[in-house]
J.: 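Below is a structure I'd like to ask you about.
We count residues from 1, following the sequence as given.
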Amino acid sequence: MRCQTCGDATSPEHNDCQRCNTPLGQPAVWPAVATYRVRGIGLAACIAVGVAVVLSLVTALDPIVGLLMTRRAQNADDADLLVDALSVQALLSQPSVVVFPAAAVLVIVWMWRARKNIDAFPGALPTLGAGWAIAGWLIPFVNLVVPARVMASVARDSLWRRRTPATVFVWWITWLVFSIGEGVVSNQNAQAYIRLPRNPSTDADYQAYIDHYGDSLLRNAVPAVACVVAGVTLILLIRRISAAQEARIASGSPAWPTAQAWPAAPVQGGHPAAGATPSASGSGGEEPAGSENQPRA
């Protein structure tokens, strides 16, 4: 007998497939549980995250503009160029105001859909409800832990892992370093700028600005590197999980075209009990998987 999720040979010595954890005799996807497309929203989220990472690097490197314009101001003895440097830096940071929230919304929508999908996977053991894929990002202090737990659960049940992939830990640790470190560094840079001479006129005054921008560049390095690592690992997770979920949903649809083929099953914790299957009327009012699970062009 072969597993209907991964195709591996199964043994009666085990109650589930040793590769993908699907209980023996169960379909790849519960027919009556709604599933959601994640490839398109995942691609959009990956693009937005990539753009956000690039803009974060631009912002981290903008002290270079200050260094160059300060040297020009010193050579020309024109302090107005220092004001121009601030204007350029402010202009470089503006796109992030739009891109970062857009990327956040796309990632949250993708995570919610991916978390909902694992409710339709026999053998999946989600640790938190789908609502936490959204609320976990919005509640202070909770957002330091819960999004990582949701992602870990989605990754395990989508990628057939019994343990959380290391990529999840790398993504979350570097994300925390970036999000917390950026705030700390921004505050330090602002406080250091306040202490600079207001009307520089001597070489010492201009040198103070040069030192400030050099120090800012060094302080920005840690959150910038963390942002790159967090962005790359998040993109890898989204792409791998999206591909795995869509492949499983597509493979399950032809084998189980109708919900009526399976008897009713009790629901425990918001998803079908292990070893049982839901009926067409037990989908909780969501759109039946018979329409959602069908492969689309």
J.: Which pair of heavy atoms, one from L106 and one from A48, lies closest together, and at what distance?
T.: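 Of all heavy-atom pairs spanning L106 and A48, the closest is CD1-CB, 3.8 Å.
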
J.: Output all residues satisfying side chain to side chain donor-acceptor pair (under 3.5 Å) with W110, sequence neighbours left out; order by chain, then residue number.
T.: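 W110 satisfies side chain to side chain donor-acceptor pair (under 3.5 Å) with S242 once adjacent residues are dropped.
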
J.: Just by distance, do the side chain of R198 and the backbone of L196 share a donor-acceptor pair under 3.5 Å?
T.: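 Yes; judged by distance alone, with no hydrogens or angles, the pair exists.
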
J.: Which pairs pass ring-ring contact (aromatic ring centres under 6.0 Å, His included) with one or both residues in residues 181-217, sequence neighbours excluded?
T.: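 Those involving residues 181-217 are Y193-H212.
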
J.: Would you tabulate the side-chain donor-acceptor contacts of residues 225-236 under 3.5 Å, counting partners in other chains and residues two or more places apart, or write 'none'?
T.:
residue : atom : partner : partner atom : Å
T233    : OG1  : V229    : O            : 2.8
T233    : OG1  : A230    : O            : 3.1

J.: Can you name the nearest heavy-atom pair linking I238 to C46, along with the distance?
T.: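 For I238 versus C46, the nearest heavy atoms are CG2-SG, 3.6 Å.
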
J.: Quick one: ring pair (Phe, Tyr, Trp, His ring centres under 6.0 Å) partners of F169, sequence neighbours excluded?
T.: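 Result, ring pair (Phe, Tyr, Trp, His ring centres under 6.0 Å) vs F169: none returned.
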
J.: Could you list all the side-chain hydrogen bond (donor to acceptor under 3.5 Å, both in side chains) pairs where at least one residue sits in residues 57-67, not counting sequence neighbours?
T.: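 As it turns out, the side-chain hydrogen bond (donor to acceptor under 3.5 Å, both in side chains) pairs with a partner in residues 57-67, which skip direct neighbours, are D62-Q89.
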
J.: Should V145 and V142 be counted in the same cluster of Ile, Leu, Val, Met, Phe, Trp and Tyr side chains packed under 4.5 Å apart?
T.: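 Linked within one cluster.
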
J.: Nearest 0.5 Å, what's the CE-CE distance between M111 and M151?
T.: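 Rounded to the nearest 0.5 Å, the CE-CE separation comes to 3.5 Å.
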
J.: Scan side-chain atoms only and decide if D157 and N117 contain a donor-acceptor pair under the 3.5 Å cut-off.
T.: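 No pair is found: no donor N or O on one side chain lies under 3.5 Å from an acceptor on the other.
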
J.: Could you grab the distance from atom CD1 of I139 to atom CG of L144, nearest 0.5 Å is fine?
T.: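 One finds 12.0 Å between CD1 of I139 and CG of L144.
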
J.: Return the minimal non-hydrogen interatomic distance between S201 and D77, and the atom names on each side.
T.: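 Shortest heavy-atom separation between S201 and D77 comes out as O-OD1, 4.0 Å.
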
J.: Are V185 and N189 close enough that some pair of their side-chain heavy atoms sits under 4.5 Å apart?
T.: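 Of all side-chain heavy-atom pairs linking N189 with V185, at least one is under 4.5 Å.
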
J.: Would you list the pairs meeting side-chain hydrogen bond (donor to acceptor under 3.5 Å, both in side chains) in which at least one residue belongs to residues 41-52, sequence neighbours left out?
T.: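 Pairs touching residues 41-52 that pass the test: none.
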
J.: L176, I173: one ILVMFWY side-chain cluster at the under-4.5 Å cut-off?
T.: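 L176 and I173: separate clusters.
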
J.: E246: which residues meet the side chain to side chain donor-acceptor pair (under 3.5 Å) condition with it, sequence neighbours left out?
T.: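 Result, side chain to side chain donor-acceptor pair (under 3.5 Å) vs E246: R37.
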
J.: Which residue pairs pass the side-chain hydrogen bond (donor to acceptor under 3.5 Å, both in side chains) test when at least one of the two sits in residues 171-185, sequence neighbours left out?
T.: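 Pairs touching residues 171-185 that pass the test: none.
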
J.: Give me the atom names and distance for the closest heavy-atom approach of N220 to P63.
T.: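 Distance-wise, the nearest heavy atoms are ND2-CG, 3.6 Å.
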
J.: side-chain hydrogen bond (donor to acceptor under 3.5 Å, both in side chains) between D203 and Q207: does it pass, once the steps are laid out?
T.: CA-CA 6 Å; D203 288 342; Q207 187 60 45; over 6 Å; no

J.: Would you list the atom pairs, donor with acceptor, under 3.5 Å between side chains in residues 90-104 and any protein atom, with sequence neighbours excluded?
T.:
residue : atom : partner : partner atom : Å
S93     : OG   : A90     : O            : 2.8
Q94     : NE2  : A90     : O            : 3.4

J.: So, does Q245 use its side chain to make a donor-acceptor pair with the main chain of A114 at under 3.5 Å?
T.: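 Checked: pair present.
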
J.: Do the side chains of R219 and Q188 get nearer than 4.5 Å, heavy atoms only?
T.: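 A side-chain contact exists here, since the closest heavy-atom pair is under 4.5 Å.
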
J.: Do L61 and L67 share a hydrophobic cluster (ILVMFWY, side-chain heavy atoms under 4.5 Å, transitive)?
T.: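 Different hydrophobic clusters.
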
J.: Does any non-hydrogen side-chain atom of F178 lie less than 4.5 Å from one of V222?
T.: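 A side-chain contact is absent here, since even the closest heavy-atom pair is not under 4.5 Å.
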
J.: Looking at every non-hydrogen atom in both residues, tell me the closest pair between S158 and A244 and how far apart they are.
T.: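 So the minimum-distance heavy-atom pair works out to O-CB, 3.4 Å.
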
J.: Please report the shortest heavy-atom distance between A148 and V168, naming the atom on each side.
T.: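 Closest approach of A148 to V168: O-CG1, 4.1 Å.
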
J.: Kindly indicate, with the supporting measurements, whether the criterion side chain to side chain contact (heavy atoms under 4.5 Å, CB included) is fulfilled by D84 and L81.
T.: CA-CA 5 Å; D84 294 340; L81 290 175; 3.7 Å; yes

J.: Does S186 reach the main-chain N or O of G183 with its side chain, forming a donor-acceptor pair under 3.5 Å?
T.: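 Side chain of S186 to backbone of G183: no pair is present.
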
J.: Taking L55 as the starting point, is it possible to reach V107 by hopping between hydrophobic residues whose side chains are less than 4.5 Å apart?
T.: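 No, V107 does not connect to L55 through the hydrophobic network.
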
J.: Applying side chain to side chain donor-acceptor pair (under 3.5 Å), name anything that partners S56, two or more places apart in sequence or on another chain.
T.: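 By the side chain to side chain donor-acceptor pair (under 3.5 Å) rule, S56 matches no residue at all.
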
J.: Determine, step by step, whether W30 and D119 satisfy the side chain to side chain contact (heavy atoms under 4.5 Å, CB included) criterion, reporting the C-alpha distance in whole Å, the side-chain angles of both residues, the deciding distance to 0.1 Å, and the verdict.
T.: CA-CA 8 Å; W30 293 120; D119 285 338; over 6 Å; no

J.: Rounded to the nearest 0.5 Å, what separation is found between the CZ atom of R115 and the OH atom of Y36?
T.: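 Here the interatomic distance stands at 11.5 Å.
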
J.: Is there a side-chain contact between N187 and Q191 in this structure, where contact means two heavy atoms from C-beta onward sitting under 4.5 Å apart?
T.: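 N187 reaches Q191 side chain to side chain.
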
J.: Say you draw a straight line from CD1 of I241 to CZ of R39; how long is it, rounded to the nearest 0.5 Å?
T.: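 CZ of R39 is found 13.0 Å from CD1 of I241.
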
J.: To the nearest 0.5 Å, what is the distance between CG on D78 and CE on M69?
T.: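 If I round to the nearest 0.5 Å, the distance is 9.5 Å.
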
J.: Just verifying a value: how many Å separate I210 CD1 and D215 CG, rounded to the nearest 0.5 Å?
T.: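 Here the interatomic distance stands at 12.0 Å.
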
J.: Sequence neighbours left out, cut at 3.5 Å: what donor-acceptor pairs do the side chains of residues 122-138 make with other protein atoms?
T.:
none

J.: Taking the side chain from R248 and the backbone from A28, do they hold a donor-acceptor pair closer than 3.5 Å?
T.: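 At least one qualifying donor-acceptor pair exists.
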
J.: Determine whether V146 and I118 fall in the same hydrophobic cluster, where Ile, Leu, Val, Met, Phe, Trp and Tyr are linked whenever their side-chain heavy atoms lie under 4.5 Å apart.
T.: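 Yes, it is one cluster - the side chains of V146 and I118 are joined through contacts under 4.5 Å.
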
J.: Test of understanding: with side chain to side chain donor-acceptor pair (under 3.5 Å), list the residues that count as partners of T202, not counting sequence neighbours.
T.: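 Expected list: D205.
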
